[in-house]
Amino acid sequence: MASKPVPEVTEIEAVYGLEGAAEATNRYQKLAATFKEKFGHYPEAFARAPGRVNLIGEHIDYEGYGVLPMAIRQDTIVAIRKGGDNLTISHLDPDKYPTVSFGTDPAQVFVKAAWLHWYNALCMCGPQQVP
């Protein structure tokens with residue numbers, strides 16, 4: 001199966017619509033400012049994943065039940081800048097979610113069971129050189 005390129009969007013209205021653009025712009029600006037404060041540079045790009053809910057229906061989940069995934073307005077956005085030998089994962093709320101760094105060598109990827117934190121998934125796929 002050939003992979004499709006990730007769509008690039010330059011107009012925030014194309015993602016959030018006219019009614020949601022102002023609120024979304026504020027979120028992205030806050031994220032960019034916090035990124036610059038923490039790392040000394042603005043991000044090169046942002047990535048966004050829409051939230052979703054699963055209703056009964058379309059396909060079978062891991063428990064054997066039918067579900068129908070549906071995107072919702074809530075989303076997760078990340079700021080990205082390439083460079084260095086580490087993958088650093090930081091959150092806007094560092095008291096609740098502390099900043100962590102990992103090497104980028106795919107051969108040394110590991111997850112400690114004691115971590116059980118939100119960044120475990122990122123440390124597994126971040127160093128895998130996903131374009």
- When every non-hydrogen atom of R73 is compared with those of G20, the smallest separation belongs to NH2-CA, 3.4 Å
- Mark yes when over 12 heavy atoms from residues, nucleotides or ligands other than I72 sit less than 6.0 Å from its CD1; otherwise mark no. yes
- Using a strict 4.0 Å threshold on nitrogen-to-oxygen distance, state whether D75 and R52 make a salt bridge. no
- Item | Smallest separation among heavy atoms of P43 and R81, with atom names | CA-CB, 4.4 Å
- Query: Do the two ring centres, one from F35 and one from Y42, sit under 6.0 Å apart?
  - Reply: no
- Parallel under 30°, tilted from 30 to 60°, perpendicular over 60°: which one fits the rings of H91 and Y97? tilted
- Message: For a quick test of reading the model, state the closest non-hydrogen atom pair linking K30 to L92 and the distance between them.
- Response: CE-CD1, 4.4 Å
- Message: With a 6.0 Å cut-off (strictly less than), is the heavy-atom count around CG of D93, excluding the residue itself, greater than 12?
- Response: yes
- Message: Cation-pi check for Y16 against R48: NZ or CZ below 6.0 Å from the six-membered ring centre and within 45 degrees of the axis, yes or no?
- Response: yes
- Task: Answer whether the closest heavy-atom distance between the side chains of T99 and K38 falls below 4.5 Å.
- Result: yes
- Item | Cluster link F39 to I80, ILVMFWY, side chain under 4.5 Å | no
- Query: Taking atom CG of N26 and atom CD1 of I12, what is their separation to the nearest 0.5 Å?
  - Reply: 9.0 Å
- Rounded to the nearest 0.5 Å, what separation is found between the OH atom of Y28 and the CD atom of E23? 11.5 Å
- Query: Is there a side chain to side chain contact (heavy atoms under 4.5 Å, CB included) between H41 and K36 once you walk through the steps?
  - Reply: CA-CA 5 Å; H41 300 281; K36 183 176 189 308; 5.9 Å; no
- Note on the structure: Rounded to the nearest 0.5 angstrom, the OG-CG distance for S90 and L31 is 9.5 Å
